[in-house]
2 protein chains.
Amino acid sequence: MTYVNTFTALADPTRRAVFEAVARQPQSVAELARDQPVSRPAVSQHLKVLVEAGLVKATPQGTRRIYTLDRTGLTSLRNYLDQFWTDTLGAYAAEVHRQSTKH
Amino acid sequence: MTYVNTFTALADPTRRAVFEAVARQPQSVAELARDQPVSRPAVSQHLKVLVEAGLVKATPQGTRRIYTLDRTGLTSLRNYLDQFWTDTLGAYAAEVHRQSTKH
DNA sequence: ACTTACGGTAAGTTATGACTTACGTTAATA
DNA sequence: TATTAACGTAAGTCATAACTTACCGTAAGT
């Protein structure tokens, strides 16, 4: 049920920008904050949410913390989406038929 | 760039519940509201957001409006996610190598 | 040991958005 | 045509969450 927080995590524009920046290139908090129009603590708070959502993870390196991409969040997200291409197909086709055969 | 609103649309719990209910079974607004702990106008507002995100679409049927699943939102969402399994792989592998070969 | 760089957290403010009730419109029914 | 059912929207309220500044701990360099 990680996808519950995953949508919320990627909903915010700046937080999604931080996520995409991490995906492009593992970086420290200060480096990430440099490219964003918000303060460093704001980026830190966004990263906390992204970690809880399983989208990024931190690897301490001295006083710095390099944030890298975490696939677990993306995987659960993909699994959630796949649901609507498989499970729902039956009910969907059934409804289409119900509508077309309506007197 | 539909995915920008798609995350926001699926972030809210009740709105995601409405979306899943529509995916399971195309329904009218009143029917959807019956299963939700919020009022009918609230469901109507949620549906508006879902329509704008390309996740559901309405087909008028008398005074009623039957909401059905729309794949366009899900497709753009899937395309966005696929980005992190392809484009990023190079930079990700490069960083892993950089970390492991660090003196 | 002192300083400096890095980053997480606390506290407070502000903006956003999820909800309510009230109302207007449209289509079917009597 | 009067009524009723279904739905969208406007207006207003309230909770949440995204930001700020200030502060603290930690690790490295001098």
Side-chain angles (χ1 to χ4, degrees), chain A residues 3-22 25-68 70 73 95 99 102-103, chain B residues 3-22 25-68 70 73 95 99 102-103:
Chain A
Y3 64 85
V4 181
N5 290 338
T6 313
F7 285 117
T8 312
L10 294 175
D12 184 68
T14 58
R15 186 160 53 223
R16 190 170 52 245
V18 169
F19 167 72
E20 293 171 2
V22 169
Q25 172 79 37
Q27 301 173 44
S28 68
V29 180
E31 287 172 337
L32 288 166
R34 234 164 299 200
D35 300 335
Q36 303 302 327
V38 295
S39 68
R40 183 195 52 77
V43 174
S44 222
Q45 292 162 6
H46 282 310
L47 286 167
K48 184 180 183 179
V49 177
L50 290 172
V51 167
E52 289 173 351
L55 288 166
V56 302
K57 52 187 168 187
T59 57
Q61 191 168 330
T63 71
R64 307 174 60 194
R65 312 193 77 215
I66 308 297
Y67 280 88
T68 61
D70 188 359
E95 176 64 18
Q99 293 291 333
K102 215 158 198 295
H103 64 87
Chain B
Y3 64 86
V4 181
N5 291 337
T6 313
F7 286 117
T8 313
L10 294 175
D12 183 69
T14 59
R15 187 159 53 222
R16 190 169 53 244
V18 169
F19 167 72
E20 293 171 1
V22 169
Q25 171 82 35
Q27 300 172 45
S28 68
V29 181
E31 287 171 338
L32 288 166
R34 238 167 299 221
D35 300 336
Q36 302 302 329
V38 295
S39 69
R40 183 196 52 79
V43 173
S44 221
Q45 292 163 5
H46 282 310
L47 287 167
K48 184 181 183 180
V49 177
L50 291 172
V51 166
E52 289 172 352
L55 289 167
V56 302
K57 53 186 167 187
T59 58
Q61 191 169 331
T63 72
R64 306 173 59 192
R65 312 193 78 215
I66 307 296
Y67 280 89
T68 61
D70 189 359
E95 175 64 17
Q99 293 292 333
K102 214 155 198 298
H103 64 88

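A note on names: the letters A, B, ... follow the listed sequences, proteins ahead of strands, and every chain is numbered from 1. None of these values were measured; they are calculated from a predicted model. Side-chain atoms are counted along with the backbone in the values below, which use heavy atoms only and exclude waters and symmetry mates.
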- Item | A/Thr14 vs B/Arg65, nearer the 5' end of DNA chain D by closest nucleotide | B/Arg65
- Message: Return whichever of A/Asp12 or A/Arg40 has its heavy-atom-nearest nucleotide of DNA chain D closer to the 5' end.
- Response: A/Asp12
Does OP1 or OP2 of [N] have a side-chain N or O of [X] closer than 4.0 Å?
X       : N      : result
A/Tyr67 : C/dC6  : no
A/Ser39 : D/dT20 : yes
B/Ser28 : D/dC7  : yes

- Task: Measure across A/Ala11 and A/Arg16 and return the closest heavy-atom pair with its distance rounded to 0.1 Å.
- Result: O-NH1, 3.3 Å
- Message: I need the minimum non-hydrogen distance between A/Ala58 and A/Tyr67, along with the two atoms involved.
- Response: CB-CE2, 3.5 Å
- Task: Look at the side chain of B/Thr68 and the backbone N and O of B/Pro26, then say whether any donor-acceptor pair between them is shorter than 3.5 Å.
- Result: no
- Query: Counting only N and O atoms by type, is there a donor-acceptor contact under 3.5 Å from the side chain of A/Arg15 to the main-chain atoms of A/Thr8?
  - Reply: yes
Can you measure [X] atom [atom1] to [N] atom [atom2] for me and round it to whole angstrom units?
X       : N      : atom1 : atom2 : result
B/Leu10 : C/dG17 : CG    : C1'   : 16 Å
A/Arg64 : C/dG8  : CZ    : C1'   : 16 Å
B/Leu50 : C/dG17 : CG    : C1'   : 14 Å
B/Glu31 : D/dA5  : CD    : P     : 16 Å
A/Gln36 : D/dA18 : CD    : P     : 14 Å
B/Ile66 : D/dA5  : CD1   : C1'   : 14 Å
B/Gln61 : C/dA28 : CD    : C1'   : 13 Å

- Item | Any residue of residues 41-49 of chain B with a heavy atom less than 4.0 Å from an atom of DNA chain D | B/Pro41, B/Ser44, B/Gln45, B/Lys48
- Is there a Watson-Crick or G-U wobble partner for D/dT30 with both distances under 3.5 Å, and which nucleotide is it? C/dA1
- Message: Any non-hydrogen side-chain atom of B/Val56 less than 4.5 Å from a side-chain atom of B/Val51?
- Response: yes
- Task: Check the pair A/Leu47, A/Leu32 against side-chain contact (heavy atoms from CB on, under 4.5 Å), reporting the backbone distance first and the verdict last.
- Result: CA-CA 10 Å; A/Leu47 286 167; A/Leu32 288 166; 4.1 Å; yes
- Message: Run A/Glu52 and A/Asn5 through side-chain contact (heavy atoms from CB on, under 4.5 Å) and show every step you take.
- Response: CA-CA 8 Å; A/Glu52 289 173 351; A/Asn5 290 338; 5.6 Å; no
